[in-house]
There are 2 protein chains.
Amino acid sequence: MLKKQPQAQPEDTALDLGEQLRRCRKEAKLTMQYVADNAGLSVGFISQVERGLAAPSLSSLRSIARVLERPISEFLEQPGSGTGTTRKSRRVSYRVADGSISYERLSANFPGSTLRAVILHEPPGHRSEPISHEGEELFYMLQGEITVEIDGERKILRQGDSMHFASRRKHATWNHTDQTVSILWSGTLDVFGEDANDPIQKNNAQGTSTHSEKKGDEE
Amino acid sequence: MLKKQPQAQPEDTALDLGEQLRRCRKEAKLTMQYVADNAGLSVGFISQVERGLAAPSLSSLRSIARVLERPISEFLEQPGSGTGTTRKSRRVSYRVADGSISYERLSANFPGSTLRAVILHEPPGHRSEPISHEGEELFYMLQGEITVEIDGERKILRQGDSMHFASRRKHATWNHTDQTVSILWSGTLDVFGEDANDPIQKNNAQGTSTHSEKKGDEE
DNA sequence: GCTGCTTTTTTAGCATAGGTAAAATTCTGG
DNA sequence: CCAGAATTTTACCTATGCTAAAAAAGCAGC
């Protein structure tokens with residue numbers, strides 16, 4: 001019988017997956033036999049998966065990832081080689097929602113990336129509607145203080161405080177102060193969209209800057 | 001024939017996966033027929049997957065996720081309900097590497113979470129060894145300036161600047177100044193470990209604070 | 001260099017499940 | 001109420017996810 005080949009994918013990710021599994025296993029100094037035994041699979045199958053000759057099912061991949069103590073996403077999403085530098089002086093501000101909040105994007109957007117970060121500016125008195133969605137997020141208070149409500153429980157965050165939570169929990173914010181607050185927001189889901197909002201403030205002196213998520217805002 | 005059941009998983013994630021696929025599809029206002037056609041699958045299969053009666057292969061899930069325009073990880077890893085609030089006054093500092101760098105953890109650690117954030121303090125003159133690993137990361141300069149080298153290309157980041165890149169690219173930092181710099185680091189891989197390093201500085205007046213990654217550092 | 005053991009690869013094979021087409025059922029807008 | 005759209009269900013099939021075991025390669029000790 002001819003050597004079996006997995007179904008060809010446009011991006012040939014099955015091979016990437018196998019390479020990454022092998023890399024992680026070797027970094028953890030484990031044998032295939034160990035991984036197989038602990039994942040409830042056979043050593044031959046592990047070999048085939050690592051060499052890209054077989055594609056594991058989801059449950060098998062989950063078992064293998066558990067043995068390697070890595071999130072399954074690490075094997076499925078591999079960011080490309082993009083880099084985004086965002087200069088303070090060149091950030092573009094966007095307006096969201098009803099136009100009261102503005103934000104500046106920090107994260108770049110390259111293939112496979114899931115990390116998102118923006119700096120949010122919420123004006124005095126602003127309240128957001130309670131929402132929930134996929135992913136997780138973290139607030140870090142750059143300036144000012146804010147009330148955060150998660151699943152009905154309220155907390156005040158002050159400058160230097162942070163909060164990390166699963167976005168599926170219903171959450172809302174309220175700027176109970178009389179000053180604009182600035183929050184560094186980081187999350188795993190792009191809730192701010194890509195250029196979906198109008199830029200409202202262009203700090204670039206020439207007024208023609210491109211958005212930072214274009215292939216890096218290079219010096 | 002009895003109704004087919006997917007293999008039971010301890011966390012029954014196949015059902016979670018189907019629920020999430022249906023939720024995302026409805027949020028995008030798409031029919032199963034549309035998803036099936038664009039993913040190269042049958043509508044009956046999409047129905048079974050969404051109802052947890054069949055488990056898609058990795059390539060099928062990838063196709064479905066592409067149609068829904070969501071990262072595949074969104075369907076595979078769902079954070080639990082943890083929340084971590086980290087008060088500025090209660091952050092525990094850790095020492096890493098040769099003891100020269102310290103950091104304070106911001107992110108909590110709850111089931112399924114992949115987002116990590118710390119505040120790094122690099123002393124004057126400190127150079128890190130070039131490394132590469134899985135995931136992606138973002139630096140935001142809270143204070144001071146630093147030279148970052150990625151794949152041999154150097155850049156200086158100043159206060160307020162940020163940089164987002166795939167961690168697989170070889171990267172190193174050098175604090176070329178004569179002051180300690182503070183960086184808010186955010187990433188998708190836990191390169192700082194969980195309590196793997198010694199706490200070196202306890203800001204809690206009682207000196208007995210628990211680490212913030214324990215079930216939230218509640219007020 | 002040889003040997004024995006460990007680790008990985010390869011082979012042959014199979015049970016099942018990933019996935020389909022089409023029919024049946026339910027939903028929904030007019 | 002009805003027609004069409006959308007979803008579910010059924011019957012079925014074959015490709016493949018995965019195995020056991022043999023073969024090959026790697027490696028440490030002598």
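Naming: A, B, ... by sequence-line order, numbering from 1 per chain. The model shown is predicted, which means the values in this text are computed figures rather than measured ones.
For the pair A:Arg51 and C:dT10, the criterion of a side-chain N or O lying under 4.0 Å from OP1 or OP2 is met. Between A:Ser57 and D:dC18 there is a side-chain polar atom (N or O) within less than 4.0 angstrom of OP1 or OP2. OP1 or OP2 of C:dT9 has at least one side-chain nitrogen or oxygen of A:Arg22 nearer than 4.0 Å. For the OP1/OP2 pair of C:dG19 and a distance below 4.0 Å, the side-chain nitrogens and oxygens of B:Ser60 include at least one atom meeting the criterion. Checking the phosphate oxygens (OP1, OP2) of C:dT8, a side-chain nitrogen or oxygen of A:Arg25 falls inside 4.0 Å.
Residues A:Trp185 and A:Glu137 have side chains that bring a donor and an acceptor to within less than 3.5 angstrom of each other. B:His164 and A:Ser107 are not linked by any side-chain donor-acceptor pair at a separation below 3.5 angstrom, with hydrogens and angles left out of the test. A donor-acceptor contact under 3.5 angstrom links the side chains of A:Ser128 and A:Thr173, judged on distance only.
What separates CE of B:Met32 from P of C:dG19 is a distance of 17 Å, to the nearest Å.
Exactly one of B:Lys155, B:Arg127, B:Arg154 qualifies for a salt bridge (Lys or Arg N to Asp or Glu O under 4.0 Å) with B:Glu149. That residue is B:Arg154.
Heavy atoms only, all atoms of each residue included: A:Ser182 and A:His121 are closest at OG-ND1, 3.0 Å.
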| request: Please lay out, stage by stage, how A:Ile146 and A:Ile183 fare under the test side chain to side chain contact (heavy atoms under 4.5 Å, CB included). | output: CA-CA 9 Å; A:Ile146 201 163; A:Ile183 306 171; 3.7 Å; yes

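A distance of 6.0 Å or more separates the ring centres of A:Tyr140 and B:Tyr140.
The rotation axes computed at either terminus of the helix from C:dG1-D:dC30 to C:dG30-D:dC1 lie 60° apart, taking five pairs at each end and rounding to 10 degrees.
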For nucleotides 20-26 of chain C, print each protein N/O atom paired with a nucleotide N/O atom at under 3.5 Å, atom names and distance only.
unit_1	atom_1	unit_2	atom_2	d
C:dT20	OP1	B:Gly40	O	3.4
C:dT20	OP1	B:Ser42	N	3.4
C:dT20	OP2	B:Ser42	N	2.5
C:dT20	OP2	B:Ser42	OG	2.7

